[in-house]
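One structure is given below, encoded as structure tokens.
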Protein chains: 2
Amino acid sequence: MVSQLGTMNVTVAPVDKFREFLLTKKMRLTPEREAVVTAIYSSHDHFDADQWIDSLAGRKGSMLASRSTVYRTLHLLQEAGLIRKVARANDREVYEHDYGYPQHDHLICKKCGDMIEFPNEMISSVLETVAKEHGFRMSGHRLEVEGICANCSRPPQRTHRKLDMI
Amino acid sequence: MVSQLGTMNVTVAPVDKFREFLLTKKMRLTPEREAVVTAIYSSHDHFDADQWIDSLAGRKGSMLASRSTVYRTLHLLQEAGLIRKVARANDREVYEHDYGYPQHDHLICKKCGDMIEFPNEMISSVLETVAKEHGFRMSGHRLEVEGICANCSRPPQRTHRKLDMI
DNA sequence: CTACGTGCAAAGCTTTTGCATGGAA
DNA sequence: TTCCATGCAAAAGCTTTGCACGTAG
């Protein structure tokens, strides 16, 4: 059957893929692990551990997963190929979905911190060539392009407020 | 006059460039800062903070620069464009010279940790195109290609010892 | 005399780990 | 019963920072 997740070009939902992965390691898809996966796949934004710790372990009464479990699950999800580290911001690892979405890298604005995705077929093919030349078995890459985004490099021109006519 | 540093294609020695940079910030090239620069530029290997802390702050009697100073100087050297972060290994930032050497990126073996440099003109030009398309003012990039190096991917074939014939 | 620098030690932060408890098979 | 998992709290480990003292100009 086909996935009901419109934008994704996969047939197996992330949670299911994760379950499969866990099976191969004799591990279980616990409610906690499921909560983490669900949370992470509820949106396609970049994220770091803390975000989910806040929302999953934050509320005292109804904890969905503890800090430790979030971290532990993040590792598992990486192994499973469901997420990957894309950058490092504020001393935290930044992750993103790595399943069901086209390959891309990021332009990172060092002023506003915005991360702009761009497709990386060109780069991948260059890297494959390079790797082959070196007898290097490439398994992945991480490319952070640093600079100032269009918005932030606009001249002083005060940040558009309601009324912009003097 | 021309640099006496054979392999480098610069006319101003690193230390001097650093001094110039410091001047623009009303800072001084202290003996400690000089020691750090000298140490770092004594070889072209990749390095992390700890390496220099060990060798500069290690000996009790004759400390050349303290832990704090090494870290502080590393930041300055980055600002000055003399070094750059290239990767992250063992939870430490890995730096390399970023002055007087041709642009390149790295293939990083996740087995032995070896870092293989390769020229990146192709990649840079792709990135410049991409950046332009997004009105992004690129100032640099960091590319880590992960995989297994030729050496490590060779079949079991025991690591060549002295006698390799049975 | 004033501003810049340094070393020391303590603090900061994210991420990891040890341990006792709890639950699925 | 036997593992696999979790939460809590403490530990780890790199890097940063506050502070008091020195010292170049």
Side-chain angles (χ1 to χ4, degrees), chain A residues 18-40 46-80 83-95, chain B residues 18-19 21-39 46-80 83-95:
Chain A
F18 192 35
R19 187 186 294 108
E20 285 172 26
F21 167 80
L22 291 173
L23 268 180
T24 72
K25 304 198 68 174
K26 280 207 193 60
M27 299 175 109
R28 306 166 198 147
L29 179 63
T30 63
E32 288 83 0
R33 285 176 181 156
E34 189 163 355
V36 176
V37 184
T38 303
I40 286 178
H46 300 110
F47 62 93
D48 61 44
D50 231 46
Q51 285 173 37
W52 298 118
I53 290 170
D54 282 354
S55 75
L56 294 173
R59 33 207 158 178
K60 6 226 149 181
S62 59
M63 179 188 290
L64 293 175
S66 73
R67 173 175 299 270
S68 317
T69 299
V70 171
Y71 275 109
R72 287 192 272 236
T73 305
L74 248 29
H75 284 297
L76 290 172
L77 286 170
Q78 255 190 111
E79 270 188 74
I83 63 177
R84 69 169 186 141
K85 292 181 184 170
V86 281
R88 175 155 253 270
N90 296 100
D91 289 315
R92 290 173 190 164
E93 295 291 358
V94 177
Y95 298 83
Chain B
F18 192 35
R19 186 186 295 108
F21 167 80
L22 291 173
L23 267 179
T24 73
K25 304 198 68 176
K26 282 207 193 63
M27 299 175 108
R28 306 165 198 149
L29 179 62
T30 63
E32 288 84 358
R33 285 177 182 154
E34 189 162 356
V36 175
V37 184
T38 303
H46 300 111
F47 62 91
D48 61 44
D50 231 47
Q51 284 172 38
W52 297 117
I53 290 170
D54 282 353
S55 76
L56 293 173
R59 32 203 159 185
K60 4 225 150 185
S62 59
M63 179 189 291
L64 295 175
S66 73
R67 172 175 299 269
S68 317
T69 299
V70 172
Y71 276 110
R72 288 192 272 236
T73 305
L74 249 28
H75 285 296
L76 291 172
L77 286 171
Q78 255 191 113
E79 270 188 72
I83 64 176
R84 68 169 187 141
K85 292 182 184 170
V86 282
R88 176 156 252 269
N90 296 100
D91 289 315
R92 290 174 191 163
E93 294 291 358
V94 177
Y95 299 83

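Letters go in sequence order (proteins before strands), and every chain restarts at 1. These numbers were taken from a predicted model, which means no experiment stands behind them.
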Distance below 4.0 Å between A/Arg28 side-chain N/O and C/dA24 OP1 or OP2: no

Can a side chain N or O of B/Arg67 be found less than 4.0 Å away from OP1 or OP2 on D/dT16? no

By nearest heavy atom, map B/Asp91 and B/Lys25 onto DNA chain C; which one lands nearer the 5' end? B/Lys25

Both A/Arg33 and B/Arg88 contact DNA chain D. Taking the nearest nucleotide for each, which residue is further toward the 5' end? A/Arg33

Please report the shortest heavy-atom distance between B/Leu76 and B/Phe21, naming the atom on each side. O-CE2, 3.7 Å

Measure CG/B/Leu22 against P/C/dT6 and give the value in whole Å, please. 10 Å

Are A/Lys85 and B/Arg88 packed together at the side-chain level, in the sense that at least one heavy-atom pair is separated by less than 4.5 angstrom? no

Across the strands shown, which category fits A/Thr69 at heavy-atom distances under 4.0 angstrom: base, sugar-phosphate, nothing? sugar-phosphate

On a heavy-atom basis, which atom in A/Leu74 and which in A/Ala49 lie closest, and how many Å separate them? CD2-CB, 3.8 Å

Show every side chain to side chain donor-acceptor pair (under 3.5 Å) that has at least one partner inside residues 69-78 of chain B, sequence neighbours left out. B/Ser66-B/Thr69

Pick base, sugar-phosphate or nothing for A/Arg72, based on heavy-atom distances below 4.0 Å to the nucleic acid. base

Quick one: the side chain of B/Thr30 and the base of C/dC4, do they pair up donor-acceptor inside 3.5 Å? no

If the cut-off is 4.0 Å, is B/His75 near the phosphate of D/dT15, judged by side-chain N/O to OP1 or OP2? no

Output yes when at least one side-chain N/O atom of A/Tyr71 is less than 4.0 Å from OP1 or OP2 of C/dT15, else no. yes

